[in-house]
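Hydrogens, waters and symmetry mates are skipped; everything else that's a heavy atom, side chains included, is used. Naming convention: chains lettered A, B, ... in sequence-line order (proteins, then strands); numbering from 1 in each chain.
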Amino acid sequence: MSKNLVIVESPAKAKTIEKFLGKDFTVKSCFGHIRDLAKGDDAIDVKGNFKPNYEVSDDKKAIVAELKKLSKDADLVWLASDEDREGEAISWHLSEVLNLDEKKTRRIVFHEITKPAILKAIDNPRGIDKNLVDAQQARRVLDRLVGFELSPVLWKKVKGNLSAGRVQSVAVRLIVDREREINNFNYSSAFRVIARFNVGGKQMEAELGKRFETEAEAKAFLEKCVGANFTIKNLEVKPSEKSPAPPFTTSTLQQEASRKMGYGVSITMSIAQKLYENGLITYMRTDSVNLSELAIASAQNYISSNFGEKYSRPMRYTTKNDSAQEAHEAIRPTYFENVEIEGTPQEKRLYDLIYKRAIASQMAKAQIEKTIATIAIDGVTEQLVATGEVLKFDGFLKVYLESTDDDQEDEGSKMLPPLAVGEQLVLNQIQATERFTRPAPRYTEASLVKRLEELGIGRPSTYAPTISTIQKRGYVVKEDREGKERNFVQLTLEKQVISREDRTEKFASEKSKLFPSDIGMIVTDFLSKHFEQIMDFNFTASVEEEFDKIARGQLVWNKMIEKFYGPFHATVTNTSENAERQNAERTIGIDPETGKTVYVKVGRYGPFAQIGDNSDDEALKPKYASLRAGQLTETITLEEALDLFKLPRVVGNFEGKDIKAAIGRFGPYLMHDSKFISIPKTDDVFAIEFDRAVELIEGKRISDANKLLKTFEEDAEVKILNGRWGPYIAKGRDNYRLPKTTKVEELTYEVVAKIIEAEAKPASKKTAAKKVVAAKTPAKKTAAKKTAAKKVKK
DNA sequence: CAGTGAGCGAGCTTCCGCTTGACTT
């Protein structure tokens, strides 16, 4: 039996450290927190100094039992959880739950998983910092109180299954605020003037220093340019340099993977997790840009021998973020010698990104020479400016360049042809183009994470889960949206003639952006009205200051909570008793056909439009229609609302049965002979004609025939179908998995019947009911599925 | 998904931060 037991948070870390420490040390992982507040409402004794009631979570019972046994047999137990608030608490919970003797317990910390760092830590043990633990308890208790008191208010005043919290509610608010900013944005336009010259066979572009507000002004300017001389008046050469970005933190990795590869934050994190588990990168949930001495030295070595000495620039980065706890290194490859790795294409791409970012961070600045040419126009005061860039030394640009969120109007750095002051230029054309101002862009998952990090809200381990939560609750949807068209004017001066063209462009099209839903807006407004403090962007920052005081021993944690909870709880009670129910009802106009009032509001099944008032008289009952995806009660127009009542629409009669066109949850569809056929985006559900509808129905029949792989005489209900994940069994509305090795041609009914029997689903109504319950309690759902899967294996 | 929207009342939901798997119809 080993004399020393070291406990770390992550199993991958445990494996690495065990190698450094030799045979006298056993290194085990506790898999994060082992204990948490009890699930129910008795978790915090609000009348008894907020005493927390902790429980070992079910999924941690086994590991706790194992650690208990190992710690009993060990001479010394080394608590090596991370050096931050949460890590300190993990060590404290371990010492409590494992009942560790203080005399044989050591607390150690390291910020990097390198041999010298570990050995140094072992040489410098300390005790558990109870103040830091108390700061964590305050954080935990505050979050529980806020979340579990606010959420029930929403169930009462808005609808069930909603949630609120210190982090998620502010995240939703950011998106709601941005949406309104965009909806209220005043687009204005101005004419941007670009001249194109022919210089020694090459094209050169120059822009006018000012924009014209009206077409008339732009035209007047072009008229002055007819027959004018264009002369280089001044040439200015300015050296400049560009520095590499620091190596990745969780947040910057999520941003770059989103910008460069289009990955959502959860995808990025799960790929990074794989890389970490395979020992290829350092820990992926970090807020630090720091690199270990070893890493810097090895990067320097790699750069010098592969690119040359002058490309190396060893650099220590420091984070600017106050809320950073820096328990780990920045994200970097474990070995810079691993230029390429084995793995899935996604793993390779993400690794490549991490690798290049880390190596570039240790490389020299790029040297750039900027040339600015000023061009004078005869008889005109305004001047044209042409800029060009020459890369004198590429430096870090040899491997990596960071992307930006806003690269829609990408200027592109161009070289200028050789020019001389006084030189007369040959004009090809001058164009004055109407350009519009743009509102701030909608958030992507990653840019929302960036904003949250700036506000100090949330932690690297919770960014991705928070983004998922606000989508799961229906506050926010991630979507693509078609752009709208608008007209703009372009004036062109060419060959001394001015011409005018009306052109159209698409704008405001969005890809994978976050949009608020009606519920997201209702909840945000409700919380902002009644719980201003929680919705304040600075709330987290201000409580963090208090947590820091607790950590420094200047404040007692439950006193701090008490001061917050008193007024907060009073507001909760007051709101719960007195606030009105929120349904976002809005009158949007009068139906011209019936003269009745048209409303929109949010009901049990989501937002809908209503024509006419509620009435007991059957004949006068109002008409209802659900809003379409992407429509908001806040912004829908009367015309759009009335359109909703034009469906379902009978398109015609085919094979003795009506074809109906309507819009469902998954978009526009046709229904014929009780079968559904999706209407593609290229067709308009309001206008689709009979012939086209029949074409779609027949197309669907052909693809259905291909989907059907096999049927059985014994049971017409049972079919083998070809699905997204390959062939599967369908019986009625239930589906069953086929073993991966199955050869469909050889499949007999007997085998199929056995698989169905083994999974033995209850009658379909009960399944439906069960599914609803299961979906609400994810823990139970997985448990149930596990047992089902095991049964199949037997 | 498949055209629902009254009102009542049961019993359910919910937080943030540490960790990984399990597994997709």
Residues which pass side-chain hydrogen bond (donor to acceptor under 3.5 Å, both in side chains) with K657(A), listed by chain and number, not counting sequence neighbours
D673(A)
Mind checking which stems touch DNA chain B? I mean at least 3 consecutive Watson-Crick or G-U pairs, both distances under 3.5 Å.
none
I'd like to know if R140(A) and D143(A) make a salt bridge, using a cut-off of under 4.0 Å between side-chain N and carboxylate O.
no
Just checking R85(A): base, sugar-phosphate only, or nothing, at a heavy-atom cut-off of under 4.0 Å?
nothing
At less than 4.0 Å, is any side-chain N or O atom of Q136(A) found next to OP1 or OP2 of dG17(B)? Yes or no.
no
Look at E9(A) together with R285(A) and state whether they make a salt bridge at an N to O cut-off of under 4.0 Å.
no
Should the heavy atoms of other residues, nucleotides or ligands under 6.0 Å from NZ of K660(A) be counted, would the total exceed 12?
no
Using the six-membered ring for Trp and the full ring for Phe, Tyr or His, decide whether W155(A) stacks on the six-membered base ring of dT13(B) (centres under 5.5 Å, planes under 30°).
yes
Ignoring the backbone of P11(A), work out which of dT20(B), dC16(B), dC18(B) is nearest its side chain.
dT20(B)
Using OP1 and OP2 only, check whether a side-chain N or O of S163(A) sits under 4.0 Å from dC15(B).
yes
Measure the acute angle between the ring planes of H33(A) and H93(A), then classify it against the limits of 30° and 60° as parallel, tilted or perpendicular.
perpendicular
dC18(B), OP1 or OP2 - any side-chain N/O from S461(A) closer than 4.0 Å?
yes
Could R473(A) and Y475(A) be counted as a cation-pi pair, given that NZ or CZ must be under 6.0 Å from the ring centre and within 45° of the axis?
no
Checking contacts here: which listed nucleotide (dT14(B), dG5(B), dG17(B)) is nearest the side-chain heavy atoms of R459(A)?
dG17(B)
Whether R107(A) and E88(A) form a salt bridge (side-chain N of Lys/Arg under 4.0 Å from carboxylate O of Asp/Glu) is what I want to check.
yes
Measure the acute angle between the ring planes of Y565(A) and F50(A), then classify it against the limits of 30° and 60° as parallel, tilted or perpendicular.
perpendicular
Does R144(A) contact dC16(B) through a side-chain donor or acceptor facing the base, at a distance under 3.5 Å?
no
R604(A), nearest nucleotide to its side chain (from dT20(B), dT14(B), dA6(B))
dA6(B)
Distance check: side-chain N/O of Q610(A) vs OP1/OP2 of dG5(B), anything under 4.0 Å?
no
Could you please name the option among dC1(B), dC18(B), dC15(B) that lies closest to any side-chain atom of F148(A)?
dC15(B)
Does S29(A) place a side-chain N or O at less than 4.0 Å from the phosphate oxygens OP1/OP2 of dT20(B)?
no
Can you identify which nucleotide, out of dT19(B), dC1(B), dC15(B), has its nearest atom closest to the Y669(A) side chain?
dC1(B)
Would you say R473(A) places a side-chain N or O within less than 4.0 Å of OP1 or OP2 belonging to dT13(B)?
no
Using a 4.0 Å cut-off on heavy atoms, which residues in residues 278-286 of chain A reach DNA chain B? List them by number, or say none.
Y283(A), R285(A)
Would Y605(A) count as stacked on dG5(B) if the rule is ring centres under 5.5 Å and plane angle under 30°?
no
